[in-house]
Amino acid sequence: MRIQIWSDVVCPFCYIGKRRLEAALAETGISADIAWRSFELDPQAPPLLDRPLAEAMAAKYGFSQDRARAFLDGQRRSAAAVGLSFDYANIKRGNTFNAHRLIHLGASQGLADNVKERFLRAYFTEGAAIGDRDVLAGLAVEAGLDATAVAAVLAGDAYAAQVRDDERRAGELGIHAVPHFLINERTAISGAAEVATFAAALRAEAATGPV
């Protein structure tokens, strides 16, 4: 079974959805080949956005900071329910284009999930500046990538085309928000669905057979 997942490393529901999908795969005993697809929530973001997240959300969506903080508290609870700890007080937002390029590097070595997981945990739990090249390089090496290969990617434009191809494909599929899961090119699930929803879709696809 092949599952393509469009997501961003600064998307809370992408991390929560990843955990719920993993739980559904474990529950069903189904094996899946997962392909991580790039999607930038804020392509124009600078390397570092130092405005507090609640303040930035309030300004973007036109509601109070209290409402923004309540929304973030809800996300924290959802994350905690799947074993994740979100530290929004120390979030360091930034551009994710280079993070996506390094995930593609990871995919070339069978380590995409390792790199994706490391970036998500670093951003949401450890307060890492996800748009900082030096920070990214260190995290990618921790995830198992070769330091020389990582440095070469960050120094040039390797895997830029793959990121843009993913984003172009998202547009063709009408994907405007993430996470978005596409199972066997047939079954689409948008958002951080519940474990039961994922499990039902996986079982249905398994019963249908390969594409």
Applying ring-ring contact (aromatic ring centres under 6.0 Å, His included), can you list everything that pairs with [X], at least two apart in sequence or on another chain?
X	answer
Phe13	none
Phe63	Tyr61
Phe181	Phe198

Is a side-chain N or O of [X] found less than 3.5 angstrom from the main chain of [Y], in a donor-acceptor match?
X	Y	answer
Asp146	Ala149	yes
Arg20	Ala192	yes
Lys92	Ala128	no
Ser85	Thr125	no
Thr96	Ala99	no

- [ ] Check the pair His100 / Arg164 against side-chain contact (heavy atoms from CB on, under 4.5 Å), numbers first and verdict last.
- [x] CA-CA 10 Å; His100 286 296; Arg164 297 306 181 213; over 6 Å; no

Open item on the list: Nearest 0.5 Å, please: how far is CZ in Arg169 from CD in Gln4?
Closed with: 7.5 Å

Which residues satisfy the side-chain contact (heavy atoms from CB on, under 4.5 Å) test with [X], sequence neighbours excluded?
X	value
Leu154	Asn98, Arg101, Leu102, Arg133, Ala137, Val150
Arg93	Leu49, Arg51, Leu53, Ala56, Ile91, Tyr123
Asn184	Met1, Arg2, Arg186, Glu205, Val211

Task: Cluster check Ile189, Leu173: I/L/V/M/F/W/Y, side chain < 4.5 angstrom - done: yes

Task: Distance-minimising heavy-atom pair for Phe39 and Val178 - done: CG-CG1, 3.5 Å

